[in-house]
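Only a predicted model underlies this, so the values are computations on that prediction, with no experimental measurement involved. Here is the naming used below: chain letters follow the sequence lines, and residue numbers restart at 1 for every chain.
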2 protein chains.
Amino acid sequence: MLTIGKLGEAARVKVPTIRYYEQIGLLPEAERSAGNQRLYGRKAMERLAFIRHARDLGFTLEAIRDLLSLSDIPDQSCAAADAIARAQLAEVESRLARLTALKAELERMVVQCAGGKIADCRVIEVLGDHSLCATDHRHPETELAQ
Amino acid sequence: MLTIGKLGEAARVKVPTIRYYEQIGLLPEAERSAGNQRLYGRKAMERLAFIRHARDLGFTLEAIRDLLSLSDIPDQSCAAADAIARAQLAEVESRLARLTALKAELERMVVQCAGGKIADCRVIEVLGDHSLCATDHRHPETELAQ
DNA sequence: CCTTGAAGCTATAGTTGCTAGAGACATTAA
DNA sequence: TTAATGTCTCTAGCAACTATAGCTTCAAGG
């Protein structure tokens, strides 16, 4: 049995984050030692690794909650899991496209900044004047996911 | 003079967001009409467009605050503005690299999911087993910016 | 056996960048 | 004039943590 610190180290998840996951019901309530400290076994370790990995891949905690509940009924079709993954893929692709455009614009800005005075600074100028911008901002609903 | 609604429409920024920017000091306190409604002129419009554009490019409000205060002293060197933009570019580049890797892994997951039962589902399996993962996760400090 | 320092506990509040709601007042068009 | 829309303030909520305070428990060294 691992204490919360060891578990966090093994799964590379911070201790308060583990407690937070328990609080929101993503991890079951842990067993406790005589002195009221949390103890974890292999199952908890695997579940946490799953969560960590899915977070790395950009899944929201809600999506992870769904995936975890799916994995609890192994006889069901995996169409739902596939759908969640596909949705995630689509989101990643759209973020990629957006970031690629941003990169191009930032590069233009930076390259053009010759190191003069603020009054002539391209960075400030480009930010101030939307018409100098190459990116298509006609769809304000596709905000950049930060 | 524009009311807050017209300003928001023109700059494509939502009304509560404008009030929020005023509250945190990114926009100066607006003039008021006889009936206590905010009124905006060209200067406020330009400042808001600057903010909007910088947000589109992924700058944090803190970075924008810095850029705005830089632009208030036009005789100063633009090195600081350049540095902020370069930092932003570096961040975008690292997010891009990370997202590209994620995309590859999600694609592998989705392609391999043949539509069987959960028990054999690659999506669940890949998420559960870190060793099946092609992405390099040895640097937990480079978290995915969401 | 005792002490000391690290690690654990709970509970609360803060972070970023907004967004939503309630209830009251202002403005505009029919 | 009246109804609809817009604006006002204030408070609370969202994701996904992170930090702080003040306490208890545990493991190792002397």
Side-chain angles (χ1 to χ4, degrees), chain A residues 1-27 29-40 44 48 50-68 88 91 95 140-146, chain B residues 1-27 29-40 44 48 50-68 88 91 95 140-146:
Chain A
M1 294 299 239
L2 301 173
T3 60
I4 198 169
K6 300 295 169 194
L7 177 70
E9 226 172 279
R12 269 168 302 136
V13 175
K14 285 177 191 152
V15 166
T17 303
I18 299 173
R19 286 196 279 249
Y20 168 70
Y21 286 163
E22 176 181 314
Q23 192 194 305
I24 63 169
L26 219 51
L27 290 176
E29 293 198 10
E31 278 181 67
R32 298 299 182 115
S33 72
N36 197 36
Q37 303 198 344
R38 288 172 180 82
L39 293 177
Y40 299 93
L48 184 56
F50 183 102
I51 296 170
R52 159 84 216 267
H53 199 173
R55 287 294 297 138
D56 277 349
L57 290 168
F59 290 86
T60 65
L61 292 185
E62 261 321 288
I64 294 171
R65 205 187 286 278
D66 290 347
L67 288 169
L68 281 169
Q88 183 57 26
E91 248 219 62
R95 257 193 255 167
E141 70 283 8
T142 57
E143 286 300 321
L144 174 63
Q146 289 254 28
Chain B
M1 292 300 239
L2 301 173
T3 59
I4 197 169
K6 299 294 170 197
L7 177 69
E9 225 172 282
R12 270 167 303 135
V13 175
K14 285 177 190 150
V15 167
T17 303
I18 298 172
R19 286 197 279 249
Y20 168 71
Y21 287 162
E22 177 181 314
Q23 192 193 305
I24 63 168
L26 262 193
L27 290 176
E29 292 196 12
E31 277 180 67
R32 298 297 182 117
S33 72
N36 196 37
Q37 303 198 341
R38 288 173 181 81
L39 294 176
Y40 298 93
L48 184 55
F50 184 101
I51 296 170
R52 159 86 217 267
H53 197 173
R55 286 295 295 139
D56 277 349
L57 289 169
F59 289 87
T60 65
L61 292 183
E62 261 321 288
I64 294 171
R65 205 187 286 277
D66 290 347
L67 287 170
L68 281 168
Q88 184 57 25
E91 248 218 63
R95 260 192 252 167
E141 71 281 9
T142 57
E143 287 302 320
L144 174 62
Q146 291 253 31

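Proximity of B:Glu62 to B:Arg65: side-chain heavy atoms (C-beta onward) are separated by under 4.5 Å at one or more points. Between A:Phe50 and A:Leu67, some side-chain heavy-atom pair lies under the 4.5 Å cut-off.
Nearest heavy atoms, B:Leu39 versus B:Met1: CB-CB, 4.3 Å.
A:Glu9 contributes atom CD, which lies 10.0 Å from atom CG of A:Leu2 (distance to the nearest 0.5 angstrom). In this structure, the separation between CD on B:Gln37 and OG1 on B:Thr3 is 7.5 Å, given to the nearest 0.5 Å. One finds the CG atom of B:Leu7 at 4.0 Å from the CD1 atom of B:Ile18 (value rounded to the nearest 0.5 Å). Taken to the nearest 0.5 Å, the CG atom of A:Leu27 stands 8.5 Å off from the OH atom of A:Tyr21. One finds the OG1 atom of B:Thr60 at 7.5 Å from the CG atom of B:Asp66 (value rounded to the nearest 0.5 Å).
Contact annotation: A:Arg52 side-chain N/O to D:dA16 OP1/OP2 distance is not under 4.0 Å. Taking side-chain N and O atoms only, A:Arg38 has a distance below 4.0 Å to OP1 or OP2 of C:dT10. For the OP1/OP2 pair of D:dT7 and a distance below 4.0 Å, the side-chain nitrogens and oxygens of B:Thr3 include at least one atom meeting the criterion. Distances shown here put every side-chain N or O of A:Arg55 at or beyond 4.0 Å from the OP1 or OP2 atom of D:dA15. Put simply, B:Arg65 has no side-chain N or O that comes within less than 4.0 Å of OP1 or OP2 on C:dG17.
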N/O to N/O distances under 3.5 Å, protein versus nucleotides 25-28 of chain D:
unit_1: D:dC26; atom_1: OP1; unit_2: A:Gly35; atom_2: N; d: 3.2

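D:dC8 atom P lies 13 Å from atom CD of B:Glu29, rounded to whole Å. For the pair B:Glu91 CD and C:dT16 C1', the computed distance is 13 Å after rounding to whole Å. Between the CD atom of A:Glu62 and the P atom of D:dC17 there is a distance of 13 Å, rounded to whole Å. Atom CG in B:Leu2 sits about 11 Å away from atom P in D:dT7, given to the nearest Å.
Residues satisfying the side-chain hydrogen bond (donor to acceptor under 3.5 Å, both in side chains) criterion with B:Glu22, sequence neighbours excluded, are B:Arg38.
Contact check of residues 13-22 of chain B against DNA chain C (heavy atom, cut-off under 4.0 Å) returns B:Lys14, B:Thr17, B:Tyr20, B:Tyr21.
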